[in-house]
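Worksheet: one structure, shown below.
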Amino acid sequence: MLDPKLLRTQPEAVAAQLARRGFVFDLVRFQDLEARRKSLQTETESLQAERNTGSKRIGQAKSKGEDVSPILADMDRVKSQLAANEQALGALQSEFEEFSLGLPNIPHASVPEGRSEHDNVEIRRWGTPRPAAGAKDHADLGEALGLMDFAAAAKLTGARFVVLRGQLARLQRALTQFMLDVHTQEHGYEELYVPFIVNAASLRGTGQLPKFGDDLFALKSEQDWRLIPTAEVPVTNLLRDEILAAENLPRKWVAHTPCFRAEAGAAGKDTKGMIRQHQFEKVELVQATLPEKSYEAHEELTGHAEAILKKLELPYRVLTLCTGDMGGSAAKTYDLEVWLPSQDRYREISSCSNFEDYQARRMLARYRHPETKKTELLHTLNGSGLAVGRTLVAILENYQDEGGAIAIPDVLQPYLPGLKRIEKA
RNA sequence: GGAGAGAUGGCCGAGUGGACGAAGGCGCUCCCCUGCUAAGGGAGUAUAGGGUUUAUCCCCUAUCGCGGGUUCGAAUCCCGCUCUCUCCGCCA
């Protein structure tokens with residue numbers, strides 16, 4: 001959510017900033033809503049004040065044994081007027097809220113302007129990509145090994161699921177544990193396990209609702225519950241309605257969870273293999289920082305995700321997402337893309353974003369300013385560190401040999417004692 | 001799943017229709033006193049929204065788990081829900 005004061009005082013400037021994303025801020029509608037809100041709210045609140053003082057006078061008069069009927073008659077008028085006002089104000093406020101929740105974040109000044117993924121800006125590369133020639137894709141490799149079974153998953157559930165077997169299942173577990181260990185032991189994150197089902201308030205807090213509900217799996221239960229699309233949701237919402245002490249900042253959390261995505265708009269995309277699944281494992285990094293520290297933290301957090309790729313010796317590049325490709329809640333996003341030889345290109349494996357106070361305002365995540373003693377909004381950040389399923393894909397493709405066997409990266413040896421290669425049994 | 005009890009500020013806890021945004025205590029902050037320590041005295045100490053303002057101040061509104069209702073007036077009465085605790089059952 002954007003700062004309502006900013007919206008009120010500088011609506012044109014906000015509109016110009018959002019236009020960089022290609023978002024059309026309806027200035028006329030906003031100013032109309034705002035004008036109606038202001039007059040209706042002040043009017044309603046003064047009626048409430050009138051009612052409150054009137055009620056107090058009745059109490060006082062009664063205790064003195066005086067006649068209260070003249071005041072009561074007056075209260076009758078206030079009451080009926082107030083009822084109408086409160087109803088109108090409530091309706092207006094929900095309209096206003098819906099409008100504000102639909103506004104995306106203002107992009108940071110350093111974010112390149114652009115319309116689509118083609119306008120993203122590559123800022124660095126690491127490693128030497130192996131040539132595409134002769135490289136099999138991960139699905140062919142995995143199936144040939146007999147360790148990756150899409151048909152079985154289709155029987156159990158449907159398309160966009162997979163069954164991993166044997167050493168591949170074990171490799172995924174090793175990867176997860178490796179990532180968690182690096183982030184907790186080398187990067188200072190606290191490890192969490194969190195619910196994989198969340199309520200609507202949590203999804204609103206991080207920005208998945210109200211606009212992107214189609215991407216979520218909803219549970220058929222009494223409660224309004226959804227499967228998490230990312231650990232970002234439960235982890236960041238730990239901050240919801242909290243006021244942290246400044247000395248406890250930054251908070252750095254890492255959590256491994258499955259992620260569930262309906263992939264509503266992805267029909268026909270990445271239909272083969274494990275790239276785009278309804279369910280995948282991810283290790284997620286989340287930070288909450290002082291506002292003035294968040295960009296520093298953003299670079300740091302991105303580096304933490306990169307560290308995993310480096311240790312696994314997987315070639316990758318880093319992009320700054322352009323205004324048009326960035327998620328609505330983010331002020332700035334770096335994507336990490338890993339080299340996939342079979343596709344002869346880099347594919348997203350991590351997305352690291354600074355949300356500034358956009359999520360914090362939605363979820364009232366605050367800290368107490370040590371000098372002013374007032375509450376201020378935190379800045380929140382997150383990034384994949386990394387998407388485990390896609391990391392598995394990258395290892396298969398980058399560590400394959402001519403015979404279709406997969407070498408195990410050195411750094412995973414402690415997690416897979418004795419296993420040097422995965423090959424057909 | 002069944003039965004019962006409960007939810008009040010940072011914490012404990014009082015409050016069953018009117019001067020209650022909420023006693024009292026603890027904690028915390030500032031000041032005073034005290035030659036150190038201990039003790040003592042005073043003041044302050046929720047959040048959000050709005051109005052006003054350069055800002056502070058000030059004013060208004062809302063909030064006693066959440067949502068409705070009754071009433072001139074609700075922490076207090078009524079209805080629904082959520083969560084917590086205890087016992088029983090079941091279960092990893």
Side-chain angles (χ1 to χ4, degrees), chain A residues 1-11 30-31 33-101 193-205 209 219 221-226 234 237-249 258 357-378:
Chain A
M1 220 157 87
L2 298 177
D3 183 358
K5 288 200 178 75
L6 186 71
L7 279 172
R8 250 175 250 137
T9 53
Q10 308 178 43
F30 170 76
Q31 282 169 333
L33 279 173
E34 171 57 16
R36 281 156 59 206
R37 177 207 61 83
K38 187 167 170 173
S39 68
L40 194 55
Q41 184 171 346
T42 47
E43 193 187 324
T44 305
E45 286 183 356
S46 65
L47 277 169
Q48 285 171 326
E50 209 178 323
R51 177 202 60 198
N52 292 345
T53 53
S55 296
K56 274 184 186 162
R57 282 200 293 134
I58 291 171
Q60 284 162 350
K62 272 195 171 174
S63 69
K64 289 180 200 149
E66 294 167 6
D67 178 25
V68 295
S69 51
I71 319 178
L72 277 174
D74 196 38
M75 285 297 100
D76 222 36
R77 169 191 60 85
V78 174
K79 197 189 176 188
S80 59
Q81 207 175 338
L82 192 53
N85 266 50
E86 281 178 339
Q87 198 183 9
L89 185 62
L92 189 58
Q93 272 168 342
S94 6
E95 194 180 347
F96 200 94
E97 187 179 86
E98 194 188 337
F99 180 83
S100 331
L101 288 177
Y193 268 98
V194 293
F196 305 155
I197 297 171
V198 291
N199 57 33
S202 294
L203 290 158
R204 217 172 296 120
L209 289 180
L219 267 63
S221 67
E222 294 285 307
Q223 298 88 343
D224 193 6
W225 285 354
R226 322 287 169 104
N237 272 280
L238 288 172
L239 300 162
R240 177 150 52 89
D241 297 318
E242 297 291 334
I243 302 172
L244 273 53
E247 58 262 32
N248 291 336
L249 296 170
D357 62 11
Y358 184 89
Q359 293 181 328
R361 183 172 290 106
R362 284 171 168 244
M363 64 174 83
L364 276 185
R366 296 150 294 172
Y367 72 99
R368 189 156 318 266
H369 195 283
E371 260 128 59
T372 65
K373 307 291 181 203
K374 301 211 164 184
T375 60
E376 310 265 355
L377 293 169
L378 291 163

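In what follows, chains carry the letters A, B, and so on, assigned in the order in which the sequence lines appear, proteins first and then strands, with residues in each chain numbered from 1. All values derive from a computational prediction rather than experimental measurement.
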- Record whether the side chain of A:Thr375 comes under 3.5 Å of the base of B:A48 through a donor-acceptor pair of N or O atoms. no

- Query: Rounded to the Å, how far apart are A:Lys56 NZ and B:G17 P?
  - Reply: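 So the two atoms are 19 Å apart, to the nearest Å.
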
- Query: Between atom CG in A:Asp224 and atom P in B:G67, what is the gap in whole Å?
  - Reply: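 Answer to the nearest Å: 16 Å.
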
Select base, sugar-phosphate, or nothing to describe what [X] touches, counting heavy atoms under 4.0 Å on all strands.
{"X": "A:Lys373", "value": "nothing"}
{"X": "A:Ile71", "value": "nothing"}
{"X": "A:Arg361", "value": "nothing"}
{"X": "A:Arg57", "value": "nothing"}
{"X": "A:Arg368", "value": "sugar-phosphate"}

- Message: Counting Watson-Crick and G-U wobble pairs with both distances under 3.5 Å, what is the dot-bracket string for RNA chain B, 5' to 3', using [ ] for crossing pairs and | for pairs to another strand?
- Response: ((((((((.[[[..)..(.....]]]((((((.......))))))((((((......)))))).[[[[[..)....]]]]])))))))....

- Residue pair A:Phe96 / A:Ser100: nearest heavy atoms and the distance that separates them: O-OG, 2.6 Å

- A:Gln93 to A:Gln41 - nearest heavy-atom pair and separation: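 That would be NE2-OE1, 4.3 Å.
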
- For A:Tyr367, which of A:Leu249, A:Thr375, A:Leu239 qualifies under side chain to side chain contact (heavy atoms under 4.5 Å, CB included)? A:Leu249

- Message: Is it the case that the side chain of A:Arg368 and the backbone of A:Lys373 share a donor-acceptor pair, with hydrogens and angles ignored and the cut-off at 3.5 Å?
- Response: yes

- Message: Treating primed atoms plus P, OP1 and OP2 as sugar-phosphate and everything else as base, which nucleotides of nucleotides 58-65 of chain B get B, S or - for protein heavy atoms under 4.0 Å?
- Response: --BSS---

- Message: Closest approach to the side chain of A:Thr42, judged atom by atom: which nucleotide of B:A19, B:G50, B:G18 is it?
- Response: B:G50

- Item | Side-chain donor-acceptor pair present, A:Ser55, A:Asn52, cut-off under 3.5 Å | no

